[in-house]
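What follows is a single structure, written as structure tokens, with notes after it.
The figures that follow rest on heavy atoms only: side chains count, while hydrogens, waters and symmetry mates do not.
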Amino acid sequence: MNEQIKVPKIYIDLIDQVFEIEKKVEILTESNSIGRNVSRLKEIFEQLETDGGLVYHNPIGEAYNETRTDIEASIAGNSADNLIITEVIKPIVRYRKGGITLIARKGIVVAESKS
């Protein structure tokens with residue numbers, strides 16, 4: 001389901017910060033303790049309400065085409081064929097409650113043609 005829902009901006013801002021920390025942790029050699037803290041923050045967002053919360057998704061490496069409704073993409077390079085997401089500026093944020101998932105914020109990405 002790709003309907004959008006409004007959630008407080010402060011939650012989106014917090015998720016963006018956790019996402020940035022998570023990206024930086026990936027390049028550290030001693031990231032275990034920080035990684036645990038990031039995982040715990042993600043769990044807290046998932047449990048903001050009794051039966052739901054917010055989750056985010058990093059679509060790096062996924063295929064991109066114009067029919068995707070969960071991201072806004074800038075196309076890099078000379079070709080628009082076989083596009084792959086090569087950079088994620090903002091992750092896709094989804095609101096989950098019960099069995100329903102709605103987009104709280106579209107992801108912002110850069111896509112390039114697969115060589």
Side-chain angles (χ1 to χ4, degrees):
M1 198 177 242
N2 283 326
E3 292 182 41
Q4 271 198 271
I5 187 170
K6 276 255 196 230
V7 297
K9 184 178 179 329
I10 190 73
Y11 292 160
I12 301 295
D13 292 343
L14 285 167
I15 284 175
D16 285 342
Q17 292 304 307
V18 172
F19 175 70
E20 289 299 322
I21 291 167
E22 190 173 42
K23 285 193 334 187
K24 291 174 182 174
V25 164
E26 289 176 4
I27 59 174
L28 297 175
T29 53
E30 296 293 324
S31 63
N32 290 344
S33 64
I34 298 170
R36 280 193 298 274
N37 294 111
V38 169
S39 293
R40 182 65 187 124
L41 285 168
K42 290 170 77 172
E43 289 171 11
I44 291 168
F45 279 110
E46 290 176 22
Q47 300 166 6
L48 283 176
E49 295 181 7
T50 343
D51 60 347
L54 297 170
V55 294
Y56 69 87
H57 173 66
N58 178 352
I60 193 91
E62 292 180 8
Y64 171 76
N65 61 53
E66 295 164 355
T67 62
R68 283 193 75 159
T69 59
D70 58 349
I71 54 177
E72 295 177 9
S74 294
I75 310 300
N78 297 329
S79 176
D81 297 327
N82 298 320
L83 294 172
I84 299 293
I85 297 169
T86 57
E87 182 181 352
V88 177
I89 299 162
K90 302 280 184 182
I92 302 163
V93 179
R94 292 188 171 98
Y95 173 76
R96 288 188 184 160
K97 184 168 186 150
I100 298 172
T101 301
L102 303 170
I103 295 173
R105 202 263 322 272
K106 291 182 179 186
I108 301 172
V109 302
V110 174
E112 293 182 59
S113 184
K114 187 172 27 171
S115 301

Is there a continuous path of hydrophobic side-chain contacts, each under 4.5 Å between heavy atoms, that joins [X] to [Y]?
| X | Y | answer |
| --- | --- | --- |
| Ile27 | Ile34 | no |
| Ile60 | Val25 | yes |
| Leu14 | Leu48 | yes |
| Ile89 | Ile103 | no |
| Ile108 | Ile12 | no |

pair [X]-[Y]: side-chain heavy atoms closer than 4.5 Å:
| X | Y | value |
| --- | --- | --- |
| Tyr64 | Ile75 | yes |
| Asn65 | Leu83 | no |
| Ile21 | Leu41 | no |

Within 45 degrees of the ring normal and closer than 6.0 Å to the centroid, is that where the cationic atom of Lys90 sits relative to Phe19?
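Cation-pi check for Lys90 and Phe19: fails.
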Atom CD of residue position Glu43 - does it have more than 12 heavy atoms of other residues, nucleotides or ligands inside 6.0 Å?
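It does: Glu43 CD has more than 12 such atoms within range.
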For atom OH of Tyr11, is the number of surrounding heavy atoms from other residues, nucleotides or ligands below 6.0 Å larger than 12?
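No, the 6.0 Å shell around OH holds no more than 12 heavy atoms from other groups.
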Rounded distance (nearest 0.5 Å) linking atom [atom1] of [X] with atom [atom2] of [Y]:
| X | Y | atom1 | atom2 | value |
| --- | --- | --- | --- | --- |
| Ile92 | His57 | CD1 | NE2 | 5.0 Å |
| Arg96 | Leu54 | CZ | CG | 10.5 Å |
| Glu20 | Ile15 | CD | CD1 | 13.0 Å |
| Asn58 | Glu22 | CG | CD | 7.5 Å |

Nearest heavy-atom pair of [X] and [Y]: which atoms, and what distance?
| X | Y | value |
| --- | --- | --- |
| Arg105 | Pro91 | NH2-O, 3.0 Å |
| Lys106 | Thr69 | CE-O, 3.2 Å |
| Ser113 | Asp81 | OG-O, 2.7 Å |

Suppose we screen for side-chain hydrogen bond (donor to acceptor under 3.5 Å, both in side chains). Which residues come up paired with Lys6, at least two apart in sequence or across chains?
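Per chain and number, Lys6 pairs via side-chain hydrogen bond (donor to acceptor under 3.5 Å, both in side chains) with no residue.
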Let's go through Val7 and Val93 carefully: what are the C-alpha distance in whole Å and the side-chain angles of both, what is the deciding distance for side chain to side chain contact (heavy atoms under 4.5 Å, CB included) to 0.1 Å, and is it a yes or a no?
CA-CA 10 Å; Val7 297; Val93 179; 5.6 Å; no
In terms of side-chain geometry, is the basic nitrogen of Glu26 or Lys23 positioned less than 4.0 Å from the acidic oxygen of its partner?
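A salt bridge is absent here (no side-chain N lies under 4.0 Å from a carboxylate O).
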Looking only at atom types and distance, does a side-chain atom of Arg68 sit under 3.5 Å from a main-chain N or O of Ala63, one as donor and one as acceptor?
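Pair found, side chain donor or acceptor close to backbone of Ala63.
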Tyr95 and side-chain contact (heavy atoms from CB on, under 4.5 Å): which single residue from Ile100, Ile5, Val55 fits?
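So the option named by the test is Ile5.
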